[in-house]
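Quick note: residue numbers are just sequence positions, from 1. Only this structure's heavy atoms are used, side chains among them; waters, hydrogens and symmetry mates stay out.
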Amino acid sequence: MTGRGLARRDEIFAIYGAGLIQGVALVTFPAASSVFTSAGQYGLSGTQYGGMFVPQAIAAIVSSLLGAGLSRRLAARHIYLLGLAANLLAMALLVASQAVMRDQTMAYGVLLVATGCLGAGFGLTVPTLNTFAAAFFPRRTDTALLVLNALLGSGTALAPVLVTLFIGLGAWWGLPVVVGALILGLLAFSARLALNLRPQASEGETRHKRHGLPPQFWVFAAFALLYGVCETMNGNWASIYMARQLHASTAQASLALAVFWGMVTAGRILFAVIEKWLPERAVCQFLPLLLAAGFIVTGCLGPTHQTLGILAFALGGLGCSALLPLVISFGQAQLKTIAASVAGLLIAFYQIGYGIAAFGVGPLQAQLGWGLGTIYGGTSVVAVALALIAALVARRQPSSFTEKRDESQR
């Protein structure tokens, strides 16, 4: 293997490894929900717990939008490294919050700053990782993005398992320590890599920068926002729903969250493998319906249905699985005049949906008296709306089989 081949191999390892580690970091906070809401630990209310993720959403939105602009001025390598550094700071602050846990006001303030740093890290890192993956495999962009997001999903599935292990050892904070160490190692490894990728704005992109985004973009933005609501309802509230609504044990609640993210990962791998037989546009239109079914089932469960609850979150995970990487891939293919900015812009709208679901549940419970079961059932309406928009998103997307056939004929 040539020197350049070895260098590219290391770059691919770094980028896809970053996806895995980013996934663990992203779910570290929701995975520890039982710690944050326990009276013997941080003692946060439902509204405080949801509010903890508001800085994360805001920072992710701002950093995603800034990253889209910075990509035309700053090397993608620098944006990527800056995102890793922000993630590292988030883990350090989470560990530090343990030292002031008894002062709830101070501890909550530290947690807010920590989630803000995590949001900034996510908003800078994830769009850049998607851009790198697409550049590494330009002829297999859909598959490259699905694999990257499958690794990110693997990390999100690992976090609940690891936090359960550390809680069992009496040191829940071991998870952010481990994640921080992994990020630090990845920073050291990545700092020596060239990672040469600096997207140049096309004439069309420069024109749209002056005159605004193309109208079709807003269809993709609406899809990303609604998807963010659906994913976050499962990813941030599954453990609390299992514990409070279904009276599940801590292990069962963590298992439900792990199963959700595990199915997100499994679905991404599955649809990457079977793309020759099942076009991505069909997958994009079908999965929101599975997601809606998962919400309906979840909303109908009672205190004795812990196993069904785990299965319902598994269904929701499969419904979420390929949607975000596919909408980014479709957006880059169909919105060519702003292709370099699509990932960052769509991640920003995804994070708006994240913020709505992360914070909105608490006020719905406190002010309207809605139970989590009612909220889950109501979110099925959001999933149905997502299915309707999916038809518009996928309408102009040719199937991968058609694309490959046309390439072979040329």
Spacing of Leu187 atom CG and Ile21 atom CD1 [to the nearest 0.5 Å]: 9.5 Å
Atom CG of Leu301 and atom OG1 of Thr307: how far apart are they, to the nearest 0.5 Å? 10.5 Å
Let me confirm one number: the OG1-CG distance from Thr379 to Leu226, rounded to the nearest 0.5 Å. 11.0 Å
For the OH atom of Tyr49 and the OG atom of Ser33, what is their distance to the nearest 0.5 Å? 4.5 Å
From Arg268 CZ over to Leu318 CG, what is the distance, rounded to the nearest 0.5 angstrom? 11.5 Å
Grab the two heavy atoms, one from Ala322 and one from Phe271, that are nearest each other, plus how far apart they are. CB-CD1, 4.0 Å
What closest approach, in Å, do Ala292 and Val384 show between heavy atoms, and which atom pair accounts for it? CB-CG2, 4.1 Å
With a 4.5 Å cut-off on side-chain heavy atoms, are Glu231 and Leu323 touching? no
For Met242 and Ile310, which heavy atoms make the closest approach, and how far apart are they? CE-CG1, 3.8 Å
Do Leu392 and Gln216 touch side chain to side chain, with heavy atoms closer than 4.5 Å? no
Measuring only between side-chain heavy atoms, which start at C-beta, is Asn234 closer than 4.5 Å to Phe313? yes
Under the side-chain contact (heavy atoms from CB on, under 4.5 Å) rule, what do Tyr227 and Tyr350 come out as? Steps first, then yes or no, please. CA-CA 7 Å; Tyr227 171 80; Tyr350 157 73; 3.7 Å; yes
Take Ile12 and Phe132, measure what side-chain contact (heavy atoms from CB on, under 4.5 Å) needs, and give me the verdict at the end. CA-CA 8 Å; Ile12 293 172; Phe132 272 117; over 6 Å; no
Check whether the ring centres of Phe223 and Trp218 lie less than 6.0 Å apart, and answer yes or no. no
With distance as the sole criterion, is a donor-acceptor pair present between the side chains of Gln245 and Tyr376 under 3.5 Å? no
Should we say atom CZ of Phe189 is surrounded by more than 12 heavy atoms from elsewhere, each under 6.0 Å from it? yes
Gln104 side chain to Met101 backbone, donor-acceptor under 3.5 Å: no
Tell me, do Phe217 and Gln334 make a side-chain contact under 4.5 Å, heavy atoms counted? no
Return the CG to CD1 distance between Leu124 and Ile347, rounded to the nearest 0.5 Å. 11.5 Å
Heavy-atom pair with the smallest gap, counting every atom of Leu346 and Ile328: CD1-CA, 4.0 Å
Ala357 to Val229 - nearest heavy-atom pair and separation: CB-O, 3.6 Å
Scanning both residues in full, the closest heavy-atom pair of Leu118 with Met91 reads CD1-CE, 4.4 Å
Between Asn236 and Tyr354, do the side chains contain an N or O donor and an N or O acceptor separated by less than 3.5 Å? yes
Do Leu162 and Val178 have side chains that approach each other closer than 4.5 Å (heavy atoms only, starting at C-beta)? no
pair Thr156-Val24: side-chain heavy atoms closer than 4.5 Å: no
side-chain contact (heavy atoms from CB on, under 4.5 Å) between Thr28 and Val163, worked out: CA-CA 8 Å; Thr28 295; Val163 82; over 6 Å; no
With a 3.5 Å distance limit and no angle check, can you tell me whether Glu11 reaches the backbone of Leu195 through a side-chain donor-acceptor pair? yes
Begin from the C-alpha positions of Tyr108 and Ser97 and carry the test side-chain contact (heavy atoms from CB on, under 4.5 Å) through to its verdict. CA-CA 8 Å; Tyr108 192 59; Ser97 72; over 6 Å; no
For Tyr80 and Thr125, which I'm curious about, is there any donor-acceptor pair between the side chains at under 3.5 Å? no
Sidechain-backbone polar pair: Tyr241 side chain, Leu246 backbone, donor-acceptor under 3.5 Å: no
Looking at Thr164 and Ala251, would you say the former's side chain and the latter's main chain have a donor-acceptor pair under 3.5 Å? no
Ser321 side chain reached by Leu287 side chain, heavy atoms, under 4.5 Å: yes
May I ask you to decide if the ring planes of Trp172 and Tyr42 are parallel, tilted or perpendicular, using 30° and 60° as cut-offs? perpendicular
Are the side chain of Gln48 and the backbone N or O of Ser45 linked by a donor-acceptor pair below 3.5 Å? yes
Minimum side-chain heavy-atom gap Leu255-Val161 below 4.5 Å: no
